[in-house]
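First the structure, in the form of structure tokens, and then the observations on it.
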Amino acid sequence: MYWSHVRIIHLQIKRNHRVKTKTVEEKEEEKVKTIEPEVVTIYVRENLQEPFEEIAKNFQESHEDIILDVKYLKNDEMIDETINNDKNAIVFTTEDVVNEMIDEKLIEHKDTGVGMMDELVLFTKADSPDIQKTSDIDEDTRIAILNPELYEEGELSKKVFEDDEFKDVGTTDNLVLGDSVADVKQDIANNNASVGVLYLSEVEADEDYHVLKRLPRNIVEPYIYKVGIIKKEELESSTRTVYSYLLSNDSLDVFSEYGYII
């Protein structure tokens, strides 16, 4: 009788211990499940959307604990957004805008890095019989550019033909203005113009077009893209992780595939 009683007590203790251990494990599992991924906001210049979507997808596949909230904006919209936002964020845009944010004390210089460059180029249809080299461009050549009133790129494109190399090119009546990159490329495809001016990234991967000349710095400065951290509060490690990834080879190699210069 005594040993039976002891055996019953021993079994009861083991049963209680198992129940307790299981409850602790369940609580730990529930705790893990309730940890929310950290959200990192990134403001990206709108023309970078196509390659950046690929980069964001690659990042998410290897960082399940971080969610990217990507906003594609024009430069002026980006500046307004960063001024009015009270949270940490990352910007990926042109150097002049990052420098302006440094002047506004939104970004510290140490929290910036150079991503890549993009150069203005002259391009034609891939099978163009008339324009084989820049010396073939003359006063009768129609040239497609982005509308200077809508795009800084268009204004820079117009200035290209003020250089001595193109002194014989007439632009007063020969410029064909497009309201989008697609418009400029379509003007070349439809023979509305023989030569177009866009950034390398916008035509490099398109087999329908041929890059005639990459314009050197003495004619027009390239676009330099930079990454910067906007620090409004204590910086989370997740923000630093995203920043480092955007400057890594994994990210920049994607931009390279789209024609950007690394």
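By the 4.5 Å heavy-atom criterion applied to side chains, Val169 and Glu139 are not counted as neighbours. Between Val98 and Thr93, the closest side-chain pair of non-hydrogen atoms falls below 4.5 Å. The shortest side-chain heavy-atom distance between Asp130 and Asp136 does not fall under the 4.5 Å cut-off. A 4.5 Å side-chain heavy-atom check between Leu246 and Ile55 finds at least one atom pair inside the cut-off. Between Glu46 and Asn75, the closest side-chain pair of non-hydrogen atoms is not below 4.5 Å. At least one side-chain heavy atom of Glu233 sits less than 4.5 Å from a side-chain heavy atom of Asn88. No side-chain heavy atom of Val44 sits under 4.5 Å from any side-chain heavy atom of Gln49. Considering only heavy atoms from C-beta on, Lys226 comes within 4.5 Å of Val114 through its side chain.
Between Lys57 and Glu61, at least one side-chain N (NZ, or NE/NH1/NH2) sits under 4.0 Å from a carboxylate O, which counts as a salt bridge. A salt bridge does not link Lys231 with Glu236: every distance from a Lys NZ or Arg NE/NH1/NH2 to an Asp or Glu carboxylate oxygen is 4.0 Å or more.
Ile230 and Val70 are members of different hydrophobic clusters when ILVMFWY side chains are connected at heavy-atom separations under 4.5 Å. Residues Leu48 and Ile42 fall within the same hydrophobic cluster, defined by Ile, Leu, Val, Met, Phe, Trp and Tyr side chains chained together at heavy-atom separations under 4.5 Å. Val160 and Val176 fall into different hydrophobic clusters, where Ile, Leu, Val, Met, Phe, Trp and Tyr residues are linked whenever their side-chain heavy atoms come under 4.5 Å apart, directly or through other members. Clustering ILVMFWY residues whenever any of their side-chain heavy atoms sit less than 4.5 angstrom apart, transitively, puts Leu200 in a cluster other than the one holding Ile262. When hydrophobic clusters are built by joining Ile, Leu, Val, Met, Phe, Trp and Tyr residues whose side-chain heavy atoms come closer than 4.5 Å, directly or via intermediates, Tyr223 is not grouped with Ile79.
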### Task
Run the numbers on Tyr43 and Phe92 for ring pair (Phe, Tyr, Trp, His ring centres under 6.0 Å), then give the verdict.
CA-CA 6 Å; Tyr43 301 117; Phe92 201 136; over 10 Å; no
#### Entry: Audit row: Leu198, Leu120, side chain to side chain contact (heavy atoms under 4.5 Å, CB included) steps and yes/no
CA-CA 6 Å; Leu198 288 173; Leu120 275 180; 5.7 Å; no
### Task
Could you check Lys158 against Glu153 for salt bridge (charged side-chain N to carboxylate O under 4.0 Å, His left out), going step by step and ending with a plain yes or no?
CA-CA 9 Å; Lys158 190 176 179 180; Glu153 185 175 343; over 6 Å; no
### Query
Which is it for Tyr258 and Phe52 under the ring pair (Phe, Tyr, Trp, His ring centres under 6.0 Å) test, yes or no, and what are the steps along the way?
CA-CA 10 Å; Tyr258 280 81; Phe52 204 89; over 10 Å; no
### Task
Start with the C-alpha gap between Met78 and Met101, add the side-chain angles, then the distance that decides, and say whether side chain to side chain contact (heavy atoms under 4.5 Å, CB included) holds.
CA-CA 10 Å; Met78 191 178 299; Met101 291 180 180; 3.9 Å; yes
### Message
Quick one, Lys87 with Thr41, criterion side chain to side chain contact (heavy atoms under 4.5 Å, CB included). Give me CA distance, side-chain angles, the key distance, then yes/no.
### Response
CA-CA 9 Å; Lys87 299 292 184 181; Thr41 299; over 6 Å; no
### Query
After noting the C-alpha distance and the side-chain angles of Asn174 and Thr141, does the key distance pass the side-chain hydrogen bond (donor to acceptor under 3.5 Å, both in side chains) rule?
CA-CA 7 Å; Asn174 291 343; Thr141 303; over 6 Å; no
### Message
Checking Arg45 against Thr94 for the side chain to side chain contact (heavy atoms under 4.5 Å, CB included) test, could you report, in this order, the C-alpha distance in whole Å, the side-chain angles of both residues, the deciding distance, and whether it holds?
### Response
CA-CA 8 Å; Arg45 197 172 190 265; Thr94 49; 3.8 Å; yes
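Taking CZ of Arg214 as the reference point, atom CG of Asp118 lies at 9.5 Å (rounded to 0.5 Å). How far CD1 of Ile224 is from CD of Glu119: 10.0 Å, rounded to the nearest 0.5 Å. To the nearest 0.5 Å, the span separating CD1 on Ile143 from OG on Ser157 amounts to 10.0 Å. Atom CD1 of residue Ile66 and atom CG of residue Leu68 lie 7.5 Å apart, to the nearest 0.5 angstrom. Between the CG atom of Leu122 and the CD1 atom of Ile131 there is a distance of 10.0 Å, given to the nearest 0.5 Å. Distance check: Leu150 CG to Glu155 CD gives 11.5 Å after rounding to the nearest 0.5 Å.
A 6.0 Å sphere centred on NZ of Lys159 holds no more than 12 heavy atoms belonging to other residues, nucleotides or ligands. In this structure, Glu50 places its CD atom where only 12 or fewer heavy-atom neighbours from other residues, nucleotides or ligands lie under 6.0 Å away. By the 6.0 Å contact criterion, CG on Asp76 is enclosed, its count of non-hydrogen atoms from other residues, nucleotides or ligands being greater than 12.
Counting only distance, with no hydrogens or angles, the side chain of Thr112 and the backbone of His109 share a donor-acceptor pair below 3.5 Å. Here the side chain of Ser251 pairs no donor or acceptor atom with the backbone of Leu247 at under 3.5 angstrom. Judged purely by atom type and a 3.5 angstrom limit, Glu54 has no side-chain atom pairing as donor or acceptor with the backbone of Pro51. Between the side chain of Arg217 and the main chain of Pro222, no donor-acceptor pair closer than 3.5 Å is present.
Residues in residues 240-249 take part in these salt bridge (charged side-chain N to carboxylate O under 4.0 Å, His left out) pairs, two or more places apart or across chains: Asp111-Arg240. Listed by first and then second residue, the ring-ring contact (aromatic ring centres under 6.0 Å, His included) pairs involving residues 114-139 are Phe123-Tyr209 (not counting sequence neighbours).
The shortest non-hydrogen separation linking Pro148 to Leu177 is CD-CD2, 3.9 Å. Residue Val40 comes nearest to Ser238 through the heavy atom pair CG2-OG, 3.7 Å, listed as atom of the first residue, atom of the second, then distance. The two residues Ile83 and Leu106 make their nearest non-hydrogen contact at CG1-CD1, 3.9 Å. Contact detail for Ala144 and Asp187: the closest heavy-atom pair is CB-CB, 4.0 Å. The minimum heavy-atom distance linking Asp250 with Val254 is given by the pair O-CG2, 3.6 Å. Heavy-atom minimum distance, Lys213 versus Pro216: CE-CD, 4.1 Å.
In this pair, Phe59 and His63 present their aromatic rings parallel. The plane angle is below 30°, not in the 30 to 60° band. Ring orientation note: the planes of Tyr225 and Tyr260 are nearly perpendicular, at an angle over 60° on the 30°/60° scale.
Across Asp206, Asp208, Asn190, a single residue satisfies side-chain hydrogen bond (donor to acceptor under 3.5 Å, both in side chains) together with Lys185, and that is Asp206.
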